[in-house]
Amino acid sequence: MNRTIRDQYLVFGAPAIGEPEINEVVDSLRSGWLGTGPKVAKFEEIFRQYVGSKYAMAVNSCTAGLHLSMLVAGLKPGDEVITTPMTFCATVNSIIHTGATPVLVDCDRETMLIDPQRIEEAITPRTRAILPVHLCGRPCNMDAIMDIANRHHLLVIEDAAHAVETVYKGRKIGNIGHLTAFSFYVTKNVVTGEGGMVTTNNPDFADKIKVFALHGMSKDAWRRFSDEGYKHYQVVYPGFKYNMMDLQAAIGLHQLARVEENLKRRNEIWQTYNEAFADLPIGLPAPDELDTIHARHLYTLMIDKERCGVSRDEFMQKMHQMNIGTGVHYIGVHLHPYYRERFGYLPEDFPNATWFSERTVSVPLSVKLSADDIEDVIRAVRITLS
Ligand SMILES: Cc1ncc(COP(=O)(O)O)c(C=O)c1O
């Protein structure tokens, strides 16, 4: 059938929730244990094993995980953290929340990832940490970043919101830098609704994250209402309410069980898109770097009005009219009013990030897509550009 417009709107980033997740949430509801409990502990353990890190601490978002990571790393006002403008605002907000100053350096024109050479050029006596973002699921150049960090005695705190499955030269992301934060937000590869995880191999960081994530109450405070009898807690830090609930972990347990199977499926969709779009006057995702596994979180097209005849925003509007949802990941941090006004950024300060910000658009890549959905996306892209 030669349909140009779908009957139903294809939502960008729809999560694939199975019966096991539904049953597990119902089990939590029936048990009465909704908050942080045994399912969070189990989810932390299987995530830890999946990543291969020594510690994994569940939190209620990646943003919370980044904020806590920077706090336990001791960042404070006056410190500088080098990161990329090509990211979600949460990356930079979490630096600002610690009182430290974000220092943006431009991304690479091919991969959209932070450029290690520019990191080195931006180091000052106040630099304390590097915050690479594994955008779209593609690993940053961690050899170069760790080398810079070691030579300058800097911490590496990774934003792995898109990178649960990512592997860099045989090493899982979450097991390379000093602290790594993952996201389980509803559009991500592994979802818990809202949720996040921090991994580290440092026991001191791990202990502190646990404590800071739950009001600053002494370790294992969540056990205080268990059948082991009441235990007094002690507050050792003015902490946060960043803990994950068992209701969220109930979803995550079954999502994580399917993580590799889902990656295989998204790999197939990725290849299908690569072939279907190869002859179009648009930019496609850069090829994978040698000896890496890309998590296939976002499939991004670059729409250049001069080449395509339509701007990125016109493209999105036309896709929307054909009932296909798309997303923008991202309009660079340096182009948003708050950061522009506070830090005086100009578009030309980060020419590559500005170039991407004007052209990038993500098309649906969820494992929930049926064969018909994928065909609809391809047809709509081709019609829009014809
Ligand atoms: C690159 C990046 N960093 C951080 C976050 C924040 O994740 P969360 O919503 O779990 O706080 C996101 C979420 O979209 C993201 O895309």
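Quick note: numbers below take in every heavy atom, side chains included, and nothing from hydrogens, waters or symmetry partners. All ligand and atom numbering here is 1-based and tracks the order in the structure.
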Would you call Gly195 a ligand 1 contact, heavy-atom distance under 4.0 Å? yes

Can a non-hydrogen atom of Lys188 be found less than 4.0 Å from any atom of ligand 1?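 Contact check Lys188 vs ligand 1: positive.
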
What about Thr87: any of its N or O atoms under 3.5 Å from an N or O on ligand 1? no

Short N or O distance, Val133 and ligand 1, threshold 3.5 Å exclusive: no

Between [X] and [Y]: side-chain donor-acceptor atoms closer than 3.5 Å:
X: His215; Y: Tyr237; answer: no
X: Thr124; Y: Glu80; answer: yes
X: Thr292; Y: Lys169; answer: no

Aromatic ring centroids of [X] and [Y] under 6.0 Å?
X: Phe205; Y: Tyr55; value: no
X: His334; Y: Phe343; value: no
X: His97; Y: His67; value: yes
X: Phe356; Y: Phe350; value: no

Of all the non-hydrogen atoms in the protein, which one sits nearest to [atom], and at what distance?
atom: atom 10 (O) of ligand 1; result: Ser183 OG, 2.7 Å
atom: atom 11 (O) of ligand 1; result: Thr63 OG1, 2.4 Å
atom: atom 12 (C) of ligand 1; result: Phe88 CD2, 3.6 Å
atom: atom 9 (O) of ligand 1; result: Tyr185 CB, 3.9 Å
atom: atom 16 (O) of ligand 1; result: Tyr330 OH, 2.5 Å
atom: atom 4 (C) of ligand 1; result: Asp159 OD2, 3.4 Å

Pair Asp304 + Arg307: basic N to acidic O under 4.0 Å: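 Looking at Arg307 together with Asp304, the answer is no, because their closest N to O distance does not fall below 4.0 Å.
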
Reference residue Arg342; test side chain to side chain donor-acceptor pair (under 3.5 Å); the match among Tyr339, Tyr338, Tyr345: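 Option passing the side chain to side chain donor-acceptor pair (under 3.5 Å) with Arg342: Tyr338.
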
Assess whether side-chain hydrogen bond (donor to acceptor under 3.5 Å, both in side chains) is satisfied between Glu45 and Tyr50, documenting all intermediate values. CA-CA 9 Å; Glu45 177 53 21; Tyr50 177 66; over 6 Å; no

Using heavy atoms and a threshold below 4.0 Å, how should the contact between [X] and ligand 1 be classified: side chain, backbone, both, or neither?
X: Ala161; result: side chain
X: His162; result: side chain
X: Ala90; result: side chain

Ligand 1 atoms in contact with Thr91 (distance to a heavy atom under 4.0 Å): 3 (N)

Under 4.0 Å to a heavy atom of Cys62 - the qualifying atoms of ligand 1, by number: 4 (C), 6 (C), 7 (O), 8 (P), 10 (O), 11 (O)

